[in-house]
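First the structure, in the form of structure tokens, and then the observations on it.
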Amino acid sequence: MGKKSDVQLIVDGKRTDGRAPEDVRPISMRLDVVSRANGSAEVSFGKTTAVAAVYGPRTLFPRFMQESDTGIIRTRYNMAPFSVVDRKSPGPDRRSTEISKVVRLALEPSIFLEDFPKATIDVYVEIIQADGSTRVTGINAASLALVAAGAPMKDMVTAVSVGKIDDTLIVDLNGTEDQNSQSDVAVAIMPRTDRITLLQMDGVLTKDEVMTVLSFAKENCHKINEQQKKLLLEKYTGE
Amino acid sequence: MGKKSDVQLIVDGKRTDGRAPEDVRPISMRLDVVSRANGSAEVSFGKTTAVAAVYGPRTLFPRFMQESDTGIIRTRYNMAPFSVVDRKSPGPDRRSTEISKVVRLALEPSIFLEDFPKATIDVYVEIIQADGSTRVTGINAASLALVAAGAPMKDMVTAVSVGKIDDTLIVDLNGTEDQNSQSDVAVAIMPRTDRITLLQMDGVLTKDEVMTVLSFAKENCHKINEQQKKLLLEKYTGE
Amino acid sequence: MGKKSDVQLIVDGKRTDGRAPEDVRPISMRLDVVSRANGSAEVSFGKTTAVAAVYGPRTLFPRFMQESDTGIIRTRYNMAPFSVVDRKSPGPDRRSTEISKVVRLALEPSIFLEDFPKATIDVYVEIIQADGSTRVTGINAASLALVAAGAPMKDMVTAVSVGKIDDTLIVDLNGTEDQNSQSDVAVAIMPRTDRITLLQMDGVLTKDEVMTVLSFAKENCHKINEQQKKLLLEKYTGE
Amino acid sequence: MENYALELIQKGTRIDERKFDQYRNIEIKTGVIGPAEGSARVRIGDTEVIVGVKMNTGTPFSDMPNDGTMMVSAEFTPLASPDFESGPPGEDAIELARLVDRSLRESKCIDFSKLVITPGVKVWSVYIDIHIINHQGNLLDAAGLAAVAALWNAYIPKYENEKIVRGEPAGKLPISFKPITITVGKVGNTLLVDPVLEEESIIDAKMSIAIRDDGKICAMQKQGHGTLEFSDVDKMIDIALKKSEELRGLI
Amino acid sequence: MENYALELIQKGTRIDERKFDQYRNIEIKTGVIGPAEGSARVRIGDTEVIVGVKMNTGTPFSDMPNDGTMMVSAEFTPLASPDFESGPPGEDAIELARLVDRSLRESKCIDFSKLVITPGVKVWSVYIDIHIINHQGNLLDAAGLAAVAALWNAYIPKYENEKIVRGEPAGKLPISFKPITITVGKVGNTLLVDPVLEEESIIDAKMSIAIRDDGKICAMQKQGHGTLEFSDVDKMIDIALKKSEELRGLI
Amino acid sequence: MENYALELIQKGTRIDERKFDQYRNIEIKTGVIGPAEGSARVRIGDTEVIVGVKMNTGTPFSDMPNDGTMMVSAEFTPLASPDFESGPPGEDAIELARLVDRSLRESKCIDFSKLVITPGVKVWSVYIDIHIINHQGNLLDAAGLAAVAALWNAYIPKYENEKIVRGEPAGKLPISFKPITITVGKVGNTLLVDPVLEEESIIDAKMSIAIRDDGKICAMQKQGHGTLEFSDVDKMIDIALKKSEELRGLI
């Protein structure tokens, strides 16, 4: 990240995988993939696939961790060993520990925690295939799973990655772009109010560039959120 | 295991340590080797030596692990670092974790768990010297220790290893045989009812061979159980 | 340790850092360096610097560790990764685990534990710079922190290292001396009664030498304790 | 719920109306994980397992200088079941991984002699990772099936200038057998295969039996809290022999 | 206490009477740790952090054969706060270390190309250890400041006969930038910098922004339980740009 | 029970009627562990400890290129006492291992200069593992005795073609001294050796003293919750000097 690659990533206006800068990869979303979870979803952006499952609200143990006036949310972001080109040893590492935290903070504002005192909602995100933008894909899956679980929610959370490669702003970075970007930004918002719940930026940008990147991210979050809502609508009204 | 060795393991009907195929190595058994345990035993089959100690029934902590209508049994199978030719790092590994589980399942059916609700019986098995057949030696020691501890028991548990080397069925594999066997089977039974409580088989055998192996194992378990009973009789009726 | 170095450590009666054998390095002591601790102190002997903080008496959790008729003291001795010439991986190792124990036993006799049943006093010692004699420096800092925390105390604890290099008795070993000493002794006493609370000796000494070393240590402890008391007096009466 | 499943079995039927020797619907997809050299996603009913195969270079064992190596791991992710916990693999995950390991190793499924780069110095190491997505019973059979399917789907990447060239296959992974693990459970006097979760909790004991293409048994393990009779083992092997052929046909 | 801090902010003032864009008194001492190749002890008010830089030799990453490496770790020692626990780094310590890491890495603060001993084989590894001594709020800004100060103070030791000669500098560590991390918090409609502990507990959300000497942003991270509006980010960057110059001047 | 032991000591006698400077019956068996290069099983009364010595090859420390290495570990297996727990070694096990380590190292018991295979590159590493079988008091003295007995019983295996030939001795392990650790406890004004478990719990403080064959002291450590007077140390050393000769005679 933050390094301008020698290879050209945009040729004739097309990215390495043939997309235009403003194209998100093909998205697939599926609900109810884990039988015993209260809610679950599998979301793919191209070859990045995340499965999320939500358990709870359920009573929090050990008891001394309970808070009498509010519930809590816990998250675990994990990558399958085979999800990346160089096999990842099983178990949490520093990166997944940090991402577990930012994912939690990205989702938390969307939930009425005070509705389930002494209890926890546990959100598990497994990355099955990683080709860039894994954390935002995981957040999109987790938000769907939360809705499917009937968690008390103020709004959904929708996330996207935006970046700068070859001095061009792009959306939904794939793995190659992620590694060679001049800048890489992950953003999550609650679409109804455009409130930011996640913002992580790497690379080198001027203030103006940052603000442009954020608008671009917001716009794409809204598009993705339409797809999330469509899926949920089908589940609850259709078929 | 499961690999036919280049070296011949049976020459003129004799095994590497001079035994006939149907011979168990010299067995020694001793009770009450650990002062503060409720029961304990040391058992050797040739140069394989296991010490077992039983603590409990004792109240199980932390309390949330207690089961209100039954007791539980916990086991720990551990090898001393010096017990094997290539020093083993202290602490559990994947093999000892699996064996701790199968030893527990091998012993559990022999115990009236419902007699001690909310409590645990803890069985510790230490392998002091390893020359093949360690898990079955450990089970034999543990069963003696359970009786010595006065645990409420339906029956004893007796275990033996059988295998196939140079196309011949053998009993009580030593270390060399274990590493070069065509097949290696560990069996534990409750001798009064011939119920199987442990069966682990590696290698390649036909169904008929498996069934022959099992008969052979049963027969040898009965012989070993006679020695276990003799020892206990001496203890309780007095030398 | 215990090895007579090839390099000469005393030349013309002077040690590698210019001191005479009986000289302690310049000592600096400061109180109240950690805002939220009940008491804290930073102590340097030359380039060895320890920070100690005391929390408590505070209720001990989990509850089953509480003792109904007495309090306990817990200690953690830790070295910063950059405190030593060869970077130390963060986290406890065997050495720091042992030293945490001996520091606890060195401090414990000075405290009226029975004054705070079910509670704990937690003493944390961080070595910031290590140039020999870290554990005794840590004990001196911890004892100051305990007084500053208002812990119920019978006496202070004062510690010093003494050793033998080039067949000469020296006090307050620096890092080079520590590594090349013929013998290295750490001693802590409660100065009012001359009771020994810590004594660790490495190297090879005759009994007579040991007894001389101990007298030498006692004498130096008293000198150091004067400085500890002076500092406390300033805090509680002065400025 | 558990009593209901038991009651049904005692009446000769099952909670999902299957026959006692009938598996749930099985679905096998291979090549599903881009970054892996081999992969399979297997569903047995709702139970779902992904296995990924990664090829790395490593050092051979000193007593096997001319053989590649293999390592099987399993993660029981807390996502897949409320009974699974975060943290290092527990004894059930370790047992499952070791059982899959043994079925592959003892059956000589992988031809390790063809995985040597420099004899005694550098060989291919086959990492087989079992990832549980949805636990609705009979994990071991699903994991075993997925492992074999992923291995048959796997390739060896190109190796040039002492480096692996990821994504460029140099050839298929050399596989000789398709060992199939069949677990047969015992409830009272009934033997059954492929228990769902509700059935697993009332099973007295079960036997997992790995069968090679030639009908030979290459691994067995009794599981569960109860006991088995010798005659049970006889019948269980017969069931396993029959079902293993059926499942092998799916790969 | 928390409500009092909040009440004051709502009234337009702070618990210690600072302005909203004012840091507490900052004190930076470098070269304070004898055994370290670089070190700094930074106080912002009562908050105190020591950073030590240790130079070791290591292997370069295979995709960066001509670059040295860097590793940032943080210990939240239980000495520094009753809220810190013994044990391996928790998520807060890991996040802080990774944020400092990113601010250094993305800004290209260290010139890694000058840290090669034998290309592809042996390079210098820069270990940056953050040790918290006193936690009274705003740890990240203090840690970031200490890291940069320690790096600017650091030297490369002599390297002779394949060995590091400790204590003998062979030259300065090659440093190009002084990235400064400024954390701006939001309480209601108020934006403020350098919160003390009492203020941190009532902050809705905050943004940490790392700024390079040329005014470019090289890392950002939203923190805290609440949300931010897009217009907040605009204002927060302005504050960070201004304050980063001020703090950079202190090193 | 504890009070009874204390009461007896105050009356000038002990729970098992021994003299204050008398050890329980000591039994030392060497060569008891087939796979180990050296081993000893020591019983002091009911207390039982096994020490195994394993010889491996390793890399010398960079500051000691011409010396072999040694590593002492202790396992307080939960089998040996209800007070011991499963898991990594606790502080008591670590302290015991380190005390045995120091008594061996400081006494120069092992001649490390004779354990070099290739100077600076490959040396013998002596692994000394202490395994507690039965804890009935005075573990350290038993462990120290077993360690020395196992070392005197140990051999260096043959080393051919860069490999250890296990089971074939090439010569004795080079041992020069028999350091003996004697622990002297203080209860009120009474000093005593070899406390049983009931006595250990009422001991104010104790001193472990390692003595070399030439009567020199090579390690000391105060243990226990209480304090000692300087005059106690004087007397304790005298007791240790006397008892160490007695115990050394048993090896």
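Heavy atoms only: backbone and side chains are in, while hydrogens, waters and symmetry mates are out. Order of the sequence lines sets the chain letters (A, B, ...), proteins ahead of strands, with each chain counted from 1.
Nearest heavy atom pair, residue E/P35 against residue C/V85, reads CB-N, 3.7 Å. Taking each heavy atom of C/R36 and E/H135 in turn, the nearest pair found is CD-O, 4.0 Å. In terms of heavy atoms, E/P82 sits closest to C/Y55 at CD-CE2, 3.5 Å.
Here the straight-line distance linking atom CZ of C/F82 with atom CD1 of E/I130 works out to 10.0 Å at 0.5 Å rounding. Remark: E/N134 CG to C/S40 OG distance equals 7.5 Å, nearest 0.5 Å. Considering OG1 of E/T77 and CD of C/E126, their distance stands at 4.5 Å, rounded to 0.5 Å. Taking OG from E/S39 and CD from C/Q129, the interatomic distance works out to 7.5 Å, rounded to the nearest 0.5 Å.
Heavy atoms of C/R87 lying under 4.5 Å from chain E belong to its backbone as well as its side chain. Both the backbone and the side chain of E/D129 come within contact range of chain C, judged by heavy atoms closer than 4.5 Å. Contacts of E/I164 with chain C are absent, with no heavy-atom separation under 4.5 Å from either backbone or side chain. Using a 4.5 Å cut-off between heavy atoms, C/S83 contacts chain E through its backbone alone, with no side-chain atom that close. Heavy atoms closer than 4.5 Å to chain E are found nowhere in C/V123, neither backbone nor side chain. With a threshold of 4.5 angstrom between heavy atoms, C/V84 approaches chain E through N, CA, C or O but not through any side-chain atom. Both the backbone and the side chain of E/S81 come within contact range of chain C, each with at least one heavy atom under 4.5 Å from a heavy atom of that chain.
Other residues, nucleotides and ligands place no more than 12 heavy atoms under 6.0 Å from the CD atom of E/E85. For E/K19, the NZ atom sits in a loose shell: 12 or fewer heavy atoms of surrounding residues, nucleotides or ligands are nearer than 6.0 Å. Within a 6.0 Å radius of NZ in C/K101, other residues, nucleotides and ligands contribute more than 12 heavy atoms.
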- Message: Walk me through whether E/E75 and C/K88 qualify under salt bridge (charged side-chain N to carboxylate O under 4.0 Å, His left out).
- Response: CA-CA 13 Å; E/E75 271 193 275; C/K88 186 196 162 296; over 6 Å; no

- Verify side chain to side chain contact (heavy atoms under 4.5 Å, CB included) between C/V51 and E/H131, making sure each step is shown before the conclusion. CA-CA 12 Å; C/V51 181; E/H131 217 71; over 6 Å; no

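Listed options C/A52, C/G175, C/A80 were ranked by heavy-atom pairs under 4.5 angstrom with chain E; first place goes to C/A80. The choice from C/R58, C/K47, C/E42 that makes the most heavy-atom pairs within less than 4.5 Å of chain E is C/E42. Here E/D83 is the residue among E/N56, E/D83, E/V53 with the most heavy-atom pairs under 4.5 Å with chain C. In terms of heavy-atom pairs under 4.5 Å with chain E, the best-connected choice from C/G91, C/A37, C/P90 is C/P90.
Counting only heavy atoms from C-beta outward, the side chains of C/I128 and E/I133 approach each other to under 4.5 Å. The closest side-chain heavy-atom distance from C/D86 to E/R166 is below 4.5 Å. Contact check for E/E48 versus C/S35: no side-chain heavy atoms found under the 4.5 Å cut-off.
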